[in-house]
Every structure is written in C-alpha cells, then in structure tokens.
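A, B, ... follow the sequence lines: proteins, then strands. Residue 1 opens every chain.
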There are 2 protein chains.
Amino acid sequence: MLEEGYAAVTVRRVAKVAGVSSTLLHYYYPTADDLLIAIYRHRSGQDLVQLQRALDAPDPICALWAYQTDSARTALGVEFLALANHRKAIRGEIARFAEYSRSLQTKTLSRLLDGSGVTAGCSPVCLSMLLTSVSRNLIMESGVGIASGHGEARAYVESALARLRRSWERDR
Amino acid sequence: MLEEGYAAVTVRRVAKVAGVSSTLLHYYYPTADDLLIAIYRHRSGQDLVQLQRALDAPDPICALWAYQTDSARTALGVEFLALANHRKAIRGEIARFAEYSRSLQTKTLSRLLDGSGVTAGCSPVCLSMLLTSVSRNLIMESGVGIASGHGEARAYVESALARLRRSWERDR
DNA sequence: GTCTATATAATGATAGAC
DNA sequence: GTCTATCATTATATAGAC
C-alpha cells in the first residue's frame, strides 16, 4: 500500500505475500473490503498503543509531534483516508478511529493547557487538527518530491510547540 | 476521479464518457499515463488562472484562502497528489506545478508582508505551506465524515488571516 | 481449513479494416 | 482519424475436491 497505493492491494497479492491461496483469504474475509477493514483494524490498534504512549510521555507535546511526523505511519494513514473517501463500506471504520484519535489528543492537550495560564492561541482540538494537517501535508508532498516551505513549516511548528512546552512547564 | 478515486479513471471509462472508442484515446495518448498527464495539464492550467486571479485581487490573502478551500479543486488536487505518489511517470508533472503554485503564493505574500512592518509570525513560504496543509486536511477529512476540530481550525485560520490583513492595510 | 479450477468482468494495449 | 475485434493480464468471487 505504501509503495503502490491502496488500489494495488488486492486479495491475490496479499495472498501471495502471505504464502496462501487467494481462496483461503476469501474464506476468512469474504470480500476485499472485509480484508481491508481487517488490515486497517490491525494497524489502527497498533497506532493507538503508540499514540497513548506518546500522550503519556513526560513531554507529551513533543512526543505527539514525533508520533505524527513518523512518515511510514502517516503515509499509511493518508492512504487509508484516500481509500475511505471512495469506498463507502470502510468509511465508517476510518472516520471512527480518526475521531477517537483526535479526542484522545484533545483530552491530553486540554489537560496541559487548560489547567494553567498557558494559552496556545487556539483551542486544544484546533491544535490537534492543525498538527495533523501539517504533518500529513509534509508527508504527502515529500512523497512526490515537493520540498519548498517544508523546512520552514517544520521549524515554525517546532518552535511554537517548544514555546508552548516552556510556558506549560513554567506554570505547573 | 472525484467520486471513485484516481484508480477508477481508466482509458475505457474516459472514452465512454467522451463518447469515443478507447482505441481513439490510445491514438492520441499512447499510454494511460499519457492520458492522465494530459488531464492534469488541462486542470492545472485552469487552476493557475484562478490562482493568479486570487493573488491579483484587492484582498489577496482572503482570496487565496477562498481559492484553497474550494472543495472540488482541492479534492482533485489531493487525488492527483496521491496518484503521483505511486506513478513515477507523472510525479514530475505534479511536483513541478505544486512548486510553481507555491512560489507564486510566496511571491505575493512576500510583497504584502515584507514591504512594511507586518509580521505574520512565519515566513511567506511557510504561510503558504501551512494554509495548503490545513485546507487539504479539511477537505480530505470532510470526505469521510470527520468533522471535529474543523470549525475551530477554520475560525482560527480566518481570524489569523483577518489580523494579518488589518495590519497590512494599516501599514501601507 | 486449504486447495485447484473456474466463471465473469474489467484492465492496458495492439492489429488491421476502412 | 476512427472503428471493430482481439490478446494477455488481472481482478473479485464461487464451486467443489480433499
């Protein structure tokens, strides 16, 4: 999926990589959508573990940004988002996880920011949305060789997050 | 492409919609990639006209944001970006236009911001990159029914742009 | 459970008539 | 230029042997 896109992930090819016949996959996952949903559930379960670990880290803001800028994970996330955009059957699954992930991030950011005089300039859910936007676009564009503005955007986000972290540490 | 994704755009289906045989398309565009590149060039040419119009508007900042949040155009742009990510043959074409679009935006933003005491908090190319990121993620997520944080992010960006516009108008 | 064989449909691309 | 007919490949999915 990472190398050739979601459309290249077919029952036959997954079966071949797994070393089984395609009919066996159909036995466990009747349709191709069922297989893709199973793959997504497996991935998102792993992602959730890593996200929670980041949010529980001593420096959650920095850890969250590191989580979001992991290129393999984010590229896969974008791929599934594109898939969900055109496959109604798995849309709900992707939307549900994305909303849950955002709510987890929002909860932690709220705890960090609301408890003191720290202000991020925007609400916690807004901050989560903005960080996701920038990391996704960095990964999408990098994939095709677009680079202008990337260093600047990365530096801007990181300095804003550092400022946020400092004021949070000063306040507690 | 908008409704079913780039993978659903085949030579045969384009021919059917156009009311010609698929071999005629192969006559003009030998390979499927050639056809997709031609489609992209047609689209990006139109986009460029509209982008330039926005940058020449009385209020370029507001017009640029309107251009970027046009959902049909941005959704198509994301689709081509995903396509380019997995089709080496058309990658260069997409990257070239994206870089050019960003440079045009950067030039206009520089003119607005550098000429006076106005500071956006980040460099012009950074601002262009951030706006693109947010608008793309708004459109991608909306497509699958994700909405949390959208209202907040939109309001945040728009108030930041309004602040920028006011200080720019005050300075000139 | 796991396989081979197969039905059906769609793909990119080409040959060759006109 | 534009078409019909076709090749080779791949896709999802099912039937049925073991």
Evaluation steps, side chain to side chain contact (heavy atoms under 4.5 Å, CB included), between R170(B) and S167(B)
CA-CA 5 Å; R170(B) 201 166 44 233; S167(B) 74; 3.5 Å; yes

What one-letter contact string describes nucleotides 13-18 of chain D from 5' to 3', where B marks a base within less than 4.0 Å of any protein heavy atom, S marks contact via sugar-phosphate atoms alone, and - marks no contact?
BBB---

For the pair made of [atom1] in [X] and [atom2] in [N], what is the distance, rounded to whole Å?
{"X": "R13(B)", "N": "dA11(D)", "atom1": "CZ", "atom2": "P", "result": "18 Å"}
{"X": "L36(B)", "N": "dT11(C)", "atom1": "CG", "atom2": "C1'", "result": "13 Å"}
{"X": "L25(B)", "N": "dT14(C)", "atom1": "CG", "atom2": "C1'", "result": "15 Å"}
{"X": "Y6(B)", "N": "dG12(C)", "atom1": "OH", "atom2": "P", "result": "14 Å"}
{"X": "R87(A)", "N": "dA11(D)", "atom1": "CZ", "atom2": "P", "result": "13 Å"}
{"X": "L24(B)", "N": "dA15(C)", "atom1": "CG", "atom2": "P", "result": "17 Å"}

Please determine whether side chain to side chain contact (heavy atoms under 4.5 Å, CB included) holds for the pair R154(A) and T69(A), giving the CA-CA distance in whole Å, both sets of side-chain angles, and the decisive distance to 0.1 Å.
CA-CA 10 Å; R154(A) 212 176 258 272; T69(A) 51; 4.1 Å; yes

Can L25(A) be reached from Y40(A) by stepping across I, L, V, M, F, W or Y side chains whose heavy atoms are under 4.5 Å apart?
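As far as the 4.5 Å side-chain criterion goes, L25(A) and Y40(A) are connected within one cluster.
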
Donor-acceptor side-chain pairing of S148(A) and E99(B) below 3.5 angstrom
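Yes, E99(B) and S148(A) have a side-chain donor paired with an acceptor closer than 3.5 Å.
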
Taking atom types as modelled and ignoring hydrogens, do the side chains of T74(B) and Q68(B) form a donor-acceptor contact shorter than 3.5 angstrom?
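Absent: no donor and acceptor within the cut-off.
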
Quick one: which of dC3(D), dG1(C), dC3(C) gets closest to the side chain of Y28(A)?
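Of the candidates, dG1(C) comes closest.
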
Tell me whether the OP1 or OP2 atom of dT2(C) has a side-chain N or O from S21(A) closer than 4.0 Å.
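Answer no for this pair, as no side-chain N or O of S21(A) is under 4.0 Å from OP1 or OP2.
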
Once rounded to the nearest 0.5 Å, what's the spacing between atom CG of L161(A) and atom CZ of R166(A)?
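So the CG of L161(A) and the CZ of R166(A) are separated by 11.0 Å.
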
